[in-house]
Structures are given as C-alpha cells and as structure tokens.
Amino acid sequence: MNNVILLNADFSPLGFISWRKAIKLICKKKAEVIKASKHIIHNFEKTIEFLIPEVLKLIKFVRALWKNKVPFNKRNLLIRDNFICQYCGSDLRKTPSSIDHVIPVSSGGKSTFDNCTSACVPCNNKKDDRSCSEARMYPKHKPYTPTINQFIGIQIKNAGLDKTLIELGIL
C-alpha cells in the first residue's frame, strides 16, 4: 500500500512514488491508473473515495535523462544484494548489516558498487581489514554497478509487484 509503480507514457518503469503523490497526479490529470489495489481512502466527510493505485502511467512522456546512475549508499547496496549477506547468506532484514569492502580501504579500495557488498556484522568482523584471499571469504556474487533500469527492476521484484506487471503485459 505504501509504494505505487510509476510508468512513463511508453510503459517503461520510472520508479516508485507514494500513494499520496499518486492521488495528486491522478487529480491533476497527469497520470492514469493502470491497476488499482483493494485499499480505499476517503476524505474527512466521506464524500469522495479513491482506490489506491498499484500501477500508474503518466499521460505525457517524460525524458528521464537526469537519472544517469544509481547513487551509492547503504540502502541501495542492500537493495542490490536483496538484503542477503554475501558471505553467509543470512537475512539482513533480521540481523544488523554493514558494508564490506572487497578490497579494503586500507589497501586502496574505494566505496563504490564495484568494490562493496552487503554483509552481516559477524562476517564483516571476521573478514576484518583483509582481502578476500587473505580471509578465505569470498562473496557469493561479484559486486557490480546496477543501471537505473536494473535497479528499478530489483525494487519492483522486492516489492512483489513483478507479477502485477507481468499480468498487465508490461514486463
């Protein structure tokens, strides 16, 4: 109920918006509902009711050139790695998480998507300030920099809305 998928006029995914912003776009006739959820909201007097949308499509095409790369931060790294520790496979939604540098910062490693993975605190402490070969700990997946489209696709899948888009023939 919190996130609504926003599609461009050509049905390409632009990202997520809040349901409040979605209602504003609908009222301003800037977007149309492709699929609505079962949740209903209404005004204080209960004279107007809205079904909260799951998928919205913009009326006019928007060029999204301003988004050229995914910003590097802990949240986006966890989303890329699906909230899984890359060393032991534990769920990082239930345990404390940290960022592990594959090549340690002390050895010249940088804080980028290509050098960082998500790890639980015990695994990160075990690896310490050593390289993967020195610690004999290797991440399950090689770190990579996701494109905007890959990142939005991961978010849609994590939110469980990929089946909705497949039903609509968009994915």
Side-chain angles (χ1 to χ4, degrees), residues 1-86 89-100 111-121 124 141 143-171:
M1 181 172 151
N2 293 335
N3 291 328
V4 178
I5 299 174
L6 181 64
L7 304 175
N8 211 339
D10 65 348
F11 289 93
S12 61
L14 287 175
F16 285 95
I17 59 173
S18 69
W19 64 267
R20 292 173 199 253
K21 176 124 182 173
I23 297 295
K24 289 176 189 175
L25 288 173
I26 294 166
C27 290
K28 291 179 181 180
K29 299 190 186 323
K30 293 185 177 185
E32 60 185 16
V33 177
I34 301 297
K35 183 170 182 192
S37 68
K38 297 175 185 172
H39 300 285
I40 298 174
I41 58 166
H42 50 81
N43 62 349
F44 184 73
E45 294 87 20
K46 296 188 179 182
T47 56
I48 301 172
E49 288 187 348
F50 281 106
L51 283 172
I52 295 178
E54 279 186 19
V55 182
L56 271 187
K57 180 182 80 76
L58 293 176
I59 302 294
K60 292 184 178 178
F61 183 80
V62 174
R63 291 181 59 187
L65 293 177
W66 56 274
K67 284 186 171 181
N68 57 3
K69 64 179 186 173
V70 179
F72 176 78
N73 57 43
K74 184 177 179 179
R75 180 181 167 273
N76 290 346
L77 185 71
L78 287 168
I79 290 170
R80 182 201 70 183
D81 292 342
N82 202 19
F83 296 92
I84 301 290
C85 174
Q86 294 301 299
S90 64
D91 187 357
L92 296 177
R93 291 182 189 114
K94 298 175 183 170
T95 60
S97 62
S98 64
I99 295 176
D100 178 59
S111 292
T112 62
F113 278 112
D114 293 326
N115 186 45
C116 293
T117 62
S118 54
C120 63
V121 173
N124 201 0
H141 303 286
Y144 68 96
T145 302
T147 64
I148 293 290
N149 286 336
Q150 286 174 328
F151 190 73
I152 291 171
I154 292 167
Q155 285 182 307
I156 289 170
K157 188 176 178 185
N158 287 345
L161 296 171
D162 53 337
K163 293 174 186 156
T164 302
L165 293 180
I166 290 170
E167 287 173 9
L168 295 171
I170 296 170
L171 284 182

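All values below were derived from every heavy atom in this structure, side-chain atoms included, with hydrogens, water molecules and symmetry-related copies excluded.
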### Task
Quick one: do Trp19 and His39 satisfy side-chain contact (heavy atoms from CB on, under 4.5 Å)? Show the steps, please.
CA-CA 11 Å; Trp19 64 267; His39 300 285; over 6 Å; no
### For Ile23 against Ile41, the heavy-atom pair lying closest together
CG1-CD1, 4.1 Å
### Query
Which residues satisfy the ring-ring contact (aromatic ring centres under 6.0 Å, His included) test with Phe16, sequence neighbours excluded?
none
### Message
For the OG1 atom of Thr117 and the CG atom of Asn124, what is their distance to the nearest 0.5 Å?
### Response
8.0 Å
### Message
Let me confirm one number: the CD1-CG distance from Ile84 to Asp91, rounded to the nearest 0.5 Å.
### Response
5.0 Å
### Task
For Val55 and Val4, work out which heavy atoms get closest and say how close.
N-CG1, 4.2 Å
### Task
To the nearest 0.5 Å, tell me how far Glu54 CD sits from Lys38 NZ.
9.0 Å
### Query
Could you go step by step and tell me if Gln86 and Asp100 meet the side-chain contact (heavy atoms from CB on, under 4.5 Å) rule?
CA-CA 9 Å; Gln86 294 301 299; Asp100 178 59; over 6 Å; no
### Summary
When every non-hydrogen atom of Phe113 is compared with those of Tyr144, the smallest separation belongs to CB-O, 3.4 Å
## Note on the structure
dist Cys116:SG -> Asn73:CG (nearest 0.5 Å) comes out at 11.5 Å
For residues 43-50, run the donor-acceptor check on the side chains, cut-off 3.5 Å, and write out each pair with its distance to 0.1 Å, sequence neighbours left out.
{"unit_1": "Asn43", "atom_1": "OD1", "unit_2": "Lys46", "atom_2": "N", "d": "3.0"}
{"unit_1": "Asn43", "atom_1": "OD1", "unit_2": "Thr47", "atom_2": "N", "d": "2.8"}
{"unit_1": "Asn43", "atom_1": "OD1", "unit_2": "Ile48", "atom_2": "N", "d": "3.2"}
{"unit_1": "Asn43", "atom_1": "ND2", "unit_2": "Glu45", "atom_2": "OE1", "d": "3.3"}
{"unit_1": "Asn43", "atom_1": "ND2", "unit_2": "Thr47", "atom_2": "OG1", "d": "2.8"}

### Query
Which residues satisfy the ring-ring contact (aromatic ring centres under 6.0 Å, His included) test with Phe151, sequence neighbours excluded?
none
#### Entry: Side-chain touch Leu14/Leu58, heavy atoms, less than 4.5 angstrom
yes
### Message
Please find the pair of heavy atoms, one from Ser118 and one from Leu92, that lie closest to each other, and give the distance.
### Response
CB-CD1, 3.7 Å
### Task
Can you establish whether the number of heavy atoms outside Arg75 located under 6.0 Å from its atom CZ is more than 12?
no
### Query
Nearest heavy-atom pair of Asn82 and Arg93: which atoms, and what distance?
OD1-NH2, 4.2 Å
### Message
I'd like to know if the side chain of Thr147 pairs up with that of Asn149 as donor and acceptor (distance under 3.5 Å, no hydrogens or angles considered).
### Response
no
#### Entry: From CD (Gln155) to CD1 (Ile79), nearest 0.5 Å
5.0 Å
### Task
State, with a plain yes or no, whether a side-chain heavy atom of Ile26 is found less than 4.5 Å away from one of Pro53.
yes
### Arg80 to Pro146 - nearest heavy-atom pair and separation
CD-CD, 4.1 Å
### Query
Can you check side-chain contact (heavy atoms from CB on, under 4.5 Å) on Val70 and Thr145, steps first, answer last?
CA-CA 8 Å; Val70 179; Thr145 302; over 6 Å; no
### Task
I would like to know whether Asp10 and Ser12 meet side chain to side chain donor-acceptor pair (under 3.5 Å); could you show each step before the answer?
CA-CA 6 Å; Asp10 65 348; Ser12 61; 2.7 Å; yes
### Value rounded to 0.5 Å, distance of CG in Leu25 from CG in Leu6
6.5 Å
### Query
Taking the side chain from Lys74 and the backbone from Ser97, do they hold a donor-acceptor pair closer than 3.5 Å?
yes
